[in-house]
Number of protein chains: 6
Amino acid sequence: MARNDGRTVDQLRDIKITRGWLDHAEGSVLVEFGKTRVLCVASFTPGVPRWLKDSGTGWVTSEYAMLPRATHTRSDRESVKGKLGGRTQEISRLVGRSLRGIVDMKELGENTIVIDCDVLQADGGTRTAAITGAYVALADAISWAQKQGHIKANAKPLTDSVAAISVGIIDGVPMLDLCYEEDVRAETDMNVVCSGDGRFIEVQGTAEGAPFDRVLLDSLLDLAVAGCATLTELQKQALAK
Amino acid sequence: MARNDGRTVDQLRDIKITRGWLDHAEGSVLVEFGKTRVLCVASFTPGVPRWLKDSGTGWVTSEYAMLPRATHTRSDRESVKGKLGGRTQEISRLVGRSLRGIVDMKELGENTIVIDCDVLQADGGTRTAAITGAYVALADAISWAQKQGHIKANAKPLTDSVAAISVGIIDGVPMLDLCYEEDVRAETDMNVVCSGDGRFIEVQGTAEGAPFDRVLLDSLLDLAVAGCATLTELQKQALAK
Amino acid sequence: MARNDGRTVDQLRDIKITRGWLDHAEGSVLVEFGKTRVLCVASFTPGVPRWLKDSGTGWVTSEYAMLPRATHTRSDRESVKGKLGGRTQEISRLVGRSLRGIVDMKELGENTIVIDCDVLQADGGTRTAAITGAYVALADAISWAQKQGHIKANAKPLTDSVAAISVGIIDGVPMLDLCYEEDVRAETDMNVVCSGDGRFIEVQGTAEGAPFDRVLLDSLLDLAVAGCATLTELQKQALAK
Amino acid sequence: MARNDGRTVDQLRDIKITRGWLDHAEGSVLVEFGKTRVLCVASFTPGVPRWLKDSGTGWVTSEYAMLPRATHTRSDRESVKGKLGGRTQEISRLVGRSLRGIVDMKELGENTIVIDCDVLQADGGTRTAAITGAYVALADAISWAQKQGHIKANAKPLTDSVAAISVGIIDGVPMLDLCYEEDVRAETDMNVVCSGDGRFIEVQGTAEGAPFDRVLLDSLLDLAVAGCATLTELQKQALAK
Amino acid sequence: MARNDGRTVDQLRDIKITRGWLDHAEGSVLVEFGKTRVLCVASFTPGVPRWLKDSGTGWVTSEYAMLPRATHTRSDRESVKGKLGGRTQEISRLVGRSLRGIVDMKELGENTIVIDCDVLQADGGTRTAAITGAYVALADAISWAQKQGHIKANAKPLTDSVAAISVGIIDGVPMLDLCYEEDVRAETDMNVVCSGDGRFIEVQGTAEGAPFDRVLLDSLLDLAVAGCATLTELQKQALAK
Amino acid sequence: MARNDGRTVDQLRDIKITRGWLDHAEGSVLVEFGKTRVLCVASFTPGVPRWLKDSGTGWVTSEYAMLPRATHTRSDRESVKGKLGGRTQEISRLVGRSLRGIVDMKELGENTIVIDCDVLQADGGTRTAAITGAYVALADAISWAQKQGHIKANAKPLTDSVAAISVGIIDGVPMLDLCYEEDVRAETDMNVVCSGDGRFIEVQGTAEGAPFDRVLLDSLLDLAVAGCATLTELQKQALAK
């Protein structure tokens, strides 16, 4: 089955991971899944929020947002509206949970890392691109903090890597890494977050049209696990540079 | 393996579905999953939001909230804080999507149904209780509207029923319908929303501790599907009264 | 003169006071004035707000709210609108003042009690039902705190009881405990809060149509004082169970 | 009994009513009750809010606020805090109701008058000064609108005048028109709004300390009615200039 | 060239500076530029915001606002809208910067002065009137604080005075101190803030229509500097009383 | 005098203007002034806000914002805080006014263009970079609209170009195009917006330390006019590609 950009059903879009995209941040990554571009910036601060003081453990959190014209038509700014939309909060929480899934907070020590994921251009899969890029920014921030001595050199705050991909069913066919045009046509939409060893950190599947059965669910999971494995490899290559 | 309330791992808590709990609402259900009590109220209004005018289709949405002392310690009101928390919005969106998954908007016609799910007491599983109760309130509101002539008597706005249950892994063991005490101990937490025919409308699984593998995911899905089937049966009995 | 529910002009609706309606709260009361149902929940916390630190005195406050479909038609949530309406704040302040009118803050010690009054169904008189039920929840929370040792066993934080009732003039006739249908027709509307010994804690009378004279004011006060006396008796019976 | 400013218990402070205090507004009055100074400005607009369109009736409403340093110490601005306090909303509602109590909305026709009451300096009794001054501003705005032809020359939108005064009990003694220093010491505080013919539009009494009995209530009402009668006379004199 | 109020192009409107306009504030000035009336109130508080603790330096800030009917037609209150408009914040920041331009924070010591500038009536030039009046209120508050011993008697917190005036180009002609009617017709609008010695603290010029050239800019600056010199003289006279 | 990046006092940083940086927007420009990077995106919509309907004229406006980690340390998001800061609103208004200064709204017709200026990295001069880049994005959006037929092919909505630069005084020396490190040290800070023909659209000078005199003001204006002339040339080159 041909996709309109010529990909096979189990093929990722062109993935680019550009480290050090900003000059000041402890970790900064421009991640691209095709035309989707997300700037992931990790800010490291010694110390933790009050509720973690003297606990010996650190904190990792994330905020996700879209520039107003990331999308095909302009959206109003949430800062102008004076409140965060549900979708924004939901994705921010998802990215934060996904990253915490591979961080050992004891090893991180009493330090805080905030990862801002700002979508510069959206063409489907922004949350999965955000998670995939955020991991690399997080890794860079941790390396920086170890070089600076904020985290001990022999500490292992990262227990694994994390990557995410979207899968969906279009005209009954499971497909990997949906672009926007495919996403709006999908009957079922699923986002899967995997650790580097191929296990699940988060699975979120939604029937947009009719409910889906176990067989389709299984095939979606298979596609996603394979896609995450490829992303894991690309993250490794990026971090090796 | 003994659970602290004596249930087996695949056993639901006592489920009660009380219809007509309020005097004025078109559909109102008090749903109880053990000590968790959620008031689900369906409000029917002829007409649709502006963006659906003259589309011939209706709209179903939901708002979820907790009373301040539903929980063990009192929480501040979101109305006093002046903003909705991320969790509240996330669950409101989930309940709405789950209900829309079994509604044929064309058959509903240009009518709007809002289902308010207010948690009077929380003991784990409030979102799944909310979905399960909301379906019954929705069904009652549709019956009311058909009797009133707002919806044609031969229309079939409901394509199926919908129910939801939580499952989780505690000490490596998959368990059904976690109470609060179990929920905080769970390594993995999953909410599954099923249509009456046993297919999936929503699957949301989260690793709270270590990532989980495909085998555990499969066993959680099995437990959840069975739990939803029981809930579907209880919904039918409640609606038959 | 016949009222549409068959009551005499000086007759209360059926009053029910159900204690211990929730499992976790220190005091929880479902109070019903006919179809009006308010859940009054007292949350006890050792300690006081900053401005009372080291004063040796405690604090009692209240928050009143309505569920969106408590009324005949659905209202938007104040949490969604992002601000509290004037009516909500006004009643919250009234309930708090009324309760503080019978609390000896020195005897309470440096402890805080918040009473949440959430209207589950509204049929007139929600603020007076809230005050009447809140007193019972408050008394239960204080008993609990004395049993737990947070308040000395021989302390007397309650100087009296407090109850409240609405009265109004319909077609020139003073009437007790207006239901919603009567309330909208009333030319004058008055809420009276009495201590258990029959004195006044709060009197709020408003001409909805023409101004009212002293003779009508006096007859309204007479009716209200008698109504509060009955409520005081019912509170005693409830607390004696 | 001597008051600290030498007044007798039934004596008003110096009352000044200055009309036409601003150059552009349809009605503008600086009202002074001793050191309390409130600027009351009536803005007339042809037309009504949407919910009154084609009803043939008008609308009168009011907004009350305090400048940040009206009081002895500076308060934060509600505009900076981003929300209206309960006290502000409560008084705004009271002033609006009081004015509507003497307006015939049919005679006003489909016109809207908003009366802004801004406290420039506060020394007790700001809400009663606001009502007393707002009436004069309202009368001026109506005269203006009749001269301009927005309201028919022979219409009678005002059915009476309205004035308000505070009374309270200090050391057991009922007193009229409390200044700030007296207000904080009062055991009972009452605000009474009277129509020009001496009947009640609003009565709000609050026990600040112990509950109060019927005898004290009666003596407070007597004092207040006499005080309002004097204010009514001063309003007439001001409007006659 | 005749202006519609008979002034010459380089003539200020009638300027009045009334000190001690309120009874409680440490400094309070009603400043009038023709029909523009601004109440400038300086509130002195010992101590500084947290970020200046133990710095040995003080803080001066300002908040500007308009009463809803200061203008020809009524504007909604920012407190009711729940947010500050851009214009309000911009002017508040300008007034604060202008005052800080002539304050030696070391000499002020760890004290805070907030100057509230509330526009009672607006007829053009409200921000420049606010700065001009605010300086006088600030000087009074500092004198008060020196008398009270909060600031050392020999300290010199004020390094100079500050005044401000608007200038603009109408039909190609530069003019001083525009009233509202002139302001809306101006092609270029400039606000100039000068220290008492005639130097610049702030220069803000905006082309409302076509861009303006250097020759016009120079003539506007000349006019403004002369206008500020006159205001400086009037401030001295007011403070000398 | 040597600057720490080796520039002469009248030298701009490296300026880069990259057109078409996004795939969907009608105009999108990444503008770089040294390390300062601003994404300027013009969104074209046929039609105008309600208050311009049937006026035959269009509307151009702008919104400016910073990503949270554009700066050296992370700032909280204004969307999370729920309100726009004064600085953000002030700059948004400045950018909008500057662009409107060179647009003929009649020629634009009833069309709206919103230019979003989002600072990806901040190193001083973000508002002047924003204006300079926004003009190019605006020009591209107008070209697009003319090709699409939304604006007539022979219309001339742009009366000129617009560019902006910052100047400041450091250690008594006027300098062009301050980077962040210079900006914090500057005694006087000025932003100048010029039309392509070298006239002024906006001049904003602020004494950060001591007031500045006319001689320094003149030298700052000279520097800025020369800097804007260079930017105008670079804009032309970019648009010629």
Side-chain angles (χ1 to χ4, degrees), chain E residues 61-64 78 81-94 96-98 100-102 104-105 159-162 169 187-218 220-222 224-225 228, chain F residues 61-64 78 81-94 96-98 100-102 104-105 159-162 169 187-218 220-222 224-225 228:
Chain E
T61 188
S62 181
E63 287 181 8
Y64 165 99
E78 295 183 321
K81 287 191 283 188
K83 56 180 168 185
L84 289 177
R87 183 184 174 278
T88 295
Q89 291 192 60
E90 198 169 314
I91 300 179
S92 292
R93 287 156 55 93
L94 170 64
R97 277 199 312 270
S98 298
R100 286 192 294 274
I102 50 95
D104 181 328
M105 296 297 173
T159 59
D160 201 341
S161 65
V162 59
I169 300 169
E187 293 115 43
T188 293
D189 186 21
M190 180 173 277
N191 291 291
V192 177
V193 183
C194 285
S195 52
D197 65 3
R199 288 185 295 161
F200 300 106
I201 288 180
E202 187 102 14
V203 172
Q204 294 195 341
T206 302
E208 301 288 345
F212 53 97
D213 62 23
R214 189 69 171 266
V215 174
L216 279 172
L217 173 58
D218 283 335
L220 287 173
L221 289 169
D222 292 340
V225 167
C228 282
Chain F
T61 188
S62 181
E63 287 181 10
Y64 166 99
E78 295 183 319
K81 288 192 282 188
K83 57 181 169 184
L84 289 177
R87 182 182 177 278
T88 297
Q89 291 193 57
E90 201 169 311
I91 300 180
S92 292
R93 287 155 55 93
L94 170 65
R97 276 199 313 273
S98 298
R100 287 190 295 274
I102 50 94
D104 182 329
M105 295 297 172
T159 60
D160 201 340
S161 65
V162 59
I169 300 170
E187 295 114 45
T188 292
D189 186 21
M190 181 173 275
N191 291 290
V192 177
V193 183
C194 286
S195 52
D197 65 4
R199 287 185 296 161
F200 300 105
I201 288 179
E202 188 102 13
V203 173
Q204 293 194 342
T206 302
E208 302 290 343
F212 52 96
D213 62 22
R214 188 70 170 264
V215 173
L216 279 173
L217 175 57
D218 282 336
L220 287 172
L221 289 169
D222 291 341
V225 167
C228 282

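Each chain gets a letter, A, B and so on, in the order the sequences are listed, and its residues count up from 1.
Residue contact with chain E, scored on non-hydrogen atoms closer than 4.5 Å, is absent for F:D160. For E:N191, no part lies near chain F; criterion is any non-hydrogen pair under 4.5 Å. At a 4.5 Å heavy-atom cutoff, F:I102 makes no contact with chain E through either its backbone or its side chain. Of the atoms belonging to F:S195, it is side-chain heavy atoms, and not backbone ones, that fall under 4.5 Å from chain E. Both the backbone and the side chain of F:R214 come within less than 4.5 Å of a heavy atom of chain E. For chain E, the nearby parts of F:D222 are the backbone and the side chain; heavy atoms of each come within less than 4.5 Å. Of the atoms belonging to E:L221, heavy atoms from both backbone and side chain fall under 4.5 Å from chain F.
Applying the salt bridge (Lys or Arg N to Asp or Glu O under 4.0 Å) rule to pairs touching residues 192-201 of chain F yields F:D197-F:R199, sequence neighbours excluded.
Among F:R97, F:R87, F:M190, the residue making the largest number of heavy-atom pairs under 4.5 Å with chain E is F:R87. When each of F:G205, F:A207, F:G85 is scored by its heavy-atom pairs under 4.5 Å with chain E, the top score falls to F:G205. Interface summary for chain F: among E:L84, E:T206, E:V193, the most heavy-atom pairs under 4.5 angstrom belong to E:T206.
E:L217 approaches F:F200 most closely through the heavy-atom pair CD2-CE1, 3.7 Å.
Annotation: the span from F:I201 atom CD1 to E:E208 atom CD amounts to 11.5 Å, rounded to 0.5 Å. Atom CD in F:Q89 sits 8.0 Å away from atom NZ in E:K83 (nearest 0.5 Å).
The side-chain heavy atoms of F:V203 and E:F212, taken from C-beta on, include a pair separated by under 4.5 Å.
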